Asker: 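Questions regarding the structure given below will be posed in turn.
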Amino acid sequence: MTDFEPTIIAFVCNWCTYTAADLAGTSRLTYPKNVRMVRVMCTGMVDPQYVIKALLEGADGVLVSGCHPGDCHYINGNFKARRRIKLLKEILPQFGFEPERLRLTWIGASDGIQFAEIMRELVAQLKTLGPSEAKLKMVI
Amino acid sequence: MAKTAQIDVKDQDLLGALRGFFMAVLDQDEISAILVPWRLPMKNRVMPTLITDPARLDGADPLSPAFPMNGAKVVSRLTRKASGGKIAVVLRPCEIRAFIELVKLKQGRTEDLVIIGIDCLGAYRNTDYFNWVGEDIGASTKAFYTRVLSGKGAAMDGIDLAPACQACEFPVADGADVSVGLFGMDTDSRVLVQARTQAGEMLFLNLRLSETEEPPERKKAVDALVAERIAFRDRMFTETHAATDSLEKLTGYLANCINCYNCRVACPVCYCRECVFLTDVFDHEPSQYLRWADRKGVVKMPTDTVFYHLTRLAHMSTACVGCGQCTNACPNDIPVMELFRTIAHRTQKGFDYEAGRSLDEKPPLSEFREDEFDEVVGIG
Ligand code: SF4
Ligand code: SF4
Ligand code: FES
């Protein structure tokens with residue numbers, strides 16, 4: 001599996017994790033290019049449907065990332081997101097999706113270094129896990 | 001403690017006693033109409049029917065094994081605004097539980113409503129019922145309830161209860177205002193009536209029912225039935241899980257699906273007015289299909305089948321009451337209920353929630369606490 005390059009879809013909130021990614025960039029930190037970022041205003045707007053779609057389309061991993069508890073710019077969007085991730089983690093593993101393919105993190109606007117570290121770690125984990133079944137077998 | 005009374009059954013005519021009870025309910029000044037399963041005059045079918053003329057209650061048939069739709073949807077229509085009168089509705093326990101979910105979603109109201117729930121004897125699958133019922137619907141209903149209530153089970157003439165009913169551990173209408181008890185009773189002579197809420201007690205008082213005690217045999221009979229149901233249910237969970245525990249198996253399980261979306265139309269708790277799968281979002285550009293096909297050399301049409309089912313599971317499985325209407329509605333014999341209940345069991349447990357249990361518990365996705373589910377955060 002050494003030459004397997006996982007694809008990660010990351011739903012990141014505008015105010016925290018996206019800003020952190022930006023900071024990582026302007027600070028010239030390097031992180032793997034496997035991450036495709038989708039900027040959303042808040043993690044609270046990530047419908048479970050988006051995550052399911054990404055996984056069925058062959059993403060090897062999905063990350064939802066936003067502000068730390070208490071810092072959400074819409075007060076409680078991240079708490080709602082946490083319930084939705086909890087829900088998906090009850091459903092998806094039943095169908096063989098490894099729980100590691102779906103991650104939720106809090107990465108604050110000033111956490112550029114942490115952002116880069118988490119991306120590296122995620123890619124490493126997914127490389128070990130190998131490509132998703134959806135990518136290999138999905139025809140419907 | 002629930003107030004308990006009895007209705008006497010004369011000439012061993014159980015159905016007649018229940019009709020008499022419905023008549024007495026409709027006769028109350030405050031009750032304008034009663035919704036009951038009712039025999040259609042033109043065909044041997046039973047449908048939920050709203051009745052204001054007491055004479056028409058002679059067609060009421062709450063004991064037949066017909067279950068053409070989950071009545072929660074009808075009650076939601078009847079109660080979404082004040083109707084100008086108070087309505088009594090006769091429902092199965094799973095219909096009551098679905099209605100409770102709809103009330104929490106603001107798609108129904110309990111004001112001006114009295115819910116009458118009857119111990120559920122179960123139902124056959126739609127197609128089984130149609131083939132089985134014959135011209136004499138009265139005789140069929142009687143044969144069915146006599147058999148079930150004498151403890152011989154519901155299997156008859158080569159058919160048995162729908163899997164949803166065999167797996168249902170809620171045969172008693174706990175969520176009703178007034179419940180009618182049949183299990184563990186000598187139904188040739190009497191049935192039990194219990195007031196479970198304030199609205200129920202009001203009706204109870206006005207009907208001047210004679211109070212009595214619940215016989216100890218009843219609890220035993222109900223417990224035994226529930227144990228049997230749970231055993232069936234757990235076998236169903238194990239088998240369904242084994243049949244769907246990889247994406248490849250799941251796509252096989254759903255291979256017959258033609259995206260007709262009947263299952264979501266039949267589902268009482270699929271609450272969206274307009275399903276996203278019927279909107280422009282899924283009206284893909286023709287060129288998009290070619291791009292999808294190009295990526296792997298193939299794309300099954302119609303597309304989005306597994307996507308649809310997984311999304312529906314995410315959106316409504318915490319409200320699934322296991323009524324089986326999705327399976328009933330599927331034109332291609334996919335065991336939809338089995339899949340949805342299996343997953344719903346997990347999602348409801350995950351939030352310590354049970355669909356239809358109580359009006360006071362908010363649907364899990366409509367609330368949150370600041371301090372919870374930390375285990376799903378992080379990449380460790
Ligand atoms: S998913 Fe099926 S079993 Fe569950 S509530 Fe809807 S129709 Fe009933
Ligand atoms: S009713 Fe059956 S065929 Fe139609 S969408 Fe549901 S599972 Fe698919
Ligand atoms: S604004 Fe960042 S999670 Fe809500």
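No experiment lies behind these values; they were computed from the predicted model shown.
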Asker: Could you tell me if the side chain of Thr19(A) sits less than 4.5 Å from the side chain of Leu23(A), heavy atoms only?
Answerer: no
Asker: Using a 4.5 Å cut-off on heavy atoms from C-beta on, say whether the side chain of Val12(A) contacts that of Val38(A).
Answerer: no
Asker: Dump the intermediate steps for ring pair (Phe, Tyr, Trp, His ring centres under 6.0 Å) on Phe373(B) and Phe351(B), then the final yes or no.
Answerer: CA-CA 10 Å; Phe373(B) 306 131; Phe351(B) 290 101; 5.4 Å; yes
Asker: Please determine whether a side-chain nitrogen of the Lys or Arg among Glu239(B) and Arg235(B) lies less than 4.0 Å from a carboxylate oxygen of the Asp or Glu.
Answerer: no
Asker: Could you tell me which portion of Ser366(B) (side chain, backbone, both or neither) has an atom closer than 4.5 angstrom to a non-hydrogen atom of chain A?
Answerer: neither
Asker: Given side chains that start at C-beta, do those of Ile100(B) and Lys104(B) come closer than 4.5 Å, heavy atoms only?
Answerer: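 In short, these two side chains touch, coming nearer than 4.5 Å.
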Asker: Are Met236(B) and Arg341(B) close enough that some pair of their side-chain heavy atoms sits under 4.5 Å apart?
Answerer: yes
Asker: Look at Leu88(A), Ile52(A), Leu92(A), Ile107(A) and state which one has the largest set of heavy-atom pairs under 4.5 Å with chain B.
Answerer: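 Winner by heavy-atom pair count: Ile52(A).
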Asker: Side chains of Pro268(B) and Glu95(B): closer than 4.5 Å at any heavy-atom pair?
Answerer: no
Asker: Would you indicate whether the side-chain heavy atoms of Lys53(A) and Asp304(B) approach each other to under 4.5 Å?
Answerer: yes
Asker: Is it the side chain or the backbone of Ile343(B) that comes within 4.5 Å of chain A heavy atoms, both, or neither?
Answerer: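 The side chain, not the backbone.
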Asker: Mind checking whether Val377(B) and Thr105(A) have side chains closer than 4.5 Å, heavy atoms only?
Answerer: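 Sidechains of Thr105(A) and Val377(B): no contact.
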Asker: Just checking heavy atoms, which of residues 320-340 of chain B are less than 4.5 Å from chain A?
Answerer: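 The stretch touches chain A at Leu339(B).
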Asker: Taking Arg357(B) first and then Glu361(B), would you say they form a salt bridge - that is, a charged N and a carboxylate O separated by under 4.0 Å?
Answerer: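 Salt bridge: yes.
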Asker: Hey, is Lys127(A) close enough to Glu5(A) for a salt bridge, meaning N to O under 4.0 Å?
Answerer: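 Yes, this pair counts.
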Asker: Let me know if Glu367(B) has heavy atoms under 4.5 Å from chain A in its side chain, its backbone, both or neither.
Answerer: both
Asker: When rounded to the nearest 0.5 angstrom, what is the spacing between OG1 in Thr342(B) and CG in Asp245(B)?
Answerer: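 Here the rounded value is 11.5 Å.
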Asker: Considering only NZ, NE, NH1 and NH2 on the basic side and carboxylate oxygens on the acidic side, decide whether Arg229(B) and Glu169(B) come within less than 4.0 Å.
Answerer: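 A salt bridge is absent here (no side-chain N lies under 4.0 Å from a carboxylate O).
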Asker: Are there over 12 heavy-atom neighbours, none belonging to Glu285(B), within less than 6.0 Å of that residue's CD?
Answerer: no
Asker: Could you check whether any side-chain heavy atom of Lys73(B) comes within less than 4.5 Å of a side-chain heavy atom of Phe99(B), counting everything from C-beta outward?
Answerer: no
Asker: Taking side chain as everything from C-beta outward and backbone as N, CA, C, O, which of these in Asp371(B) sits under 4.5 Å from a heavy atom of chain A? Side chain, backbone, both or neither.
Answerer: backbone
Asker: Heavy atom to heavy atom, less than 4.5 Å: which residues from residues 276-284 of chain B reach chain A?
Answerer: Val276(B), Phe277(B), Phe282(B)
Asker: Tell me, with the steps shown, if Gln166(B) and Glu228(B) meet side chain to side chain contact (heavy atoms under 4.5 Å, CB included).
Answerer: CA-CA 8 Å; Gln166(B) 293 193 56; Glu228(B) 207 177 282; over 6 Å; no
Asker: Look at atom CG of Asp352(B) and say whether more than 12 heavy atoms of other residues, nucleotides or ligands are closer to it than 6.0 Å.
Answerer: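 Atom CG in Asp352(B) is not packed in, count stays at 12 or less.
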Asker: How would you list, in number order, the residues of residues 59-83 of chain A that have a heavy atom less than 4.5 Å from chain B?
Answerer: Asn76(A), Phe79(A), Lys80(A), Arg82(A), Arg83(A)
Asker: With a 4.5 angstrom heavy-atom cut-off, is it the side chain or the backbone of Arg295(B) that approaches chain A, or both, or neither?
Answerer: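 Side chain only.
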Asker: In Å, rounded to the nearest 0.5 Å, how long is the span from CD1 of Ile230(B) to CZ of Phe232(B)?
Answerer: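 One finds 13.5 Å between CD1 of Ile230(B) and CZ of Phe232(B).
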Asker: Determine whether more than 12 heavy atoms belonging to other residues, nucleotides or ligands lie under 6.0 Å from atom CD of Glu248(B).
Answerer: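 Open.
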Asker: Report, by ascending residue number, the residues of residues 110-125 of chain A in heavy-atom contact with chain B at a distance under 4.5 Å; give 'none' if the set is empty.
Answerer: Ile118(A), Glu121(A), Leu122(A), Gln125(A)
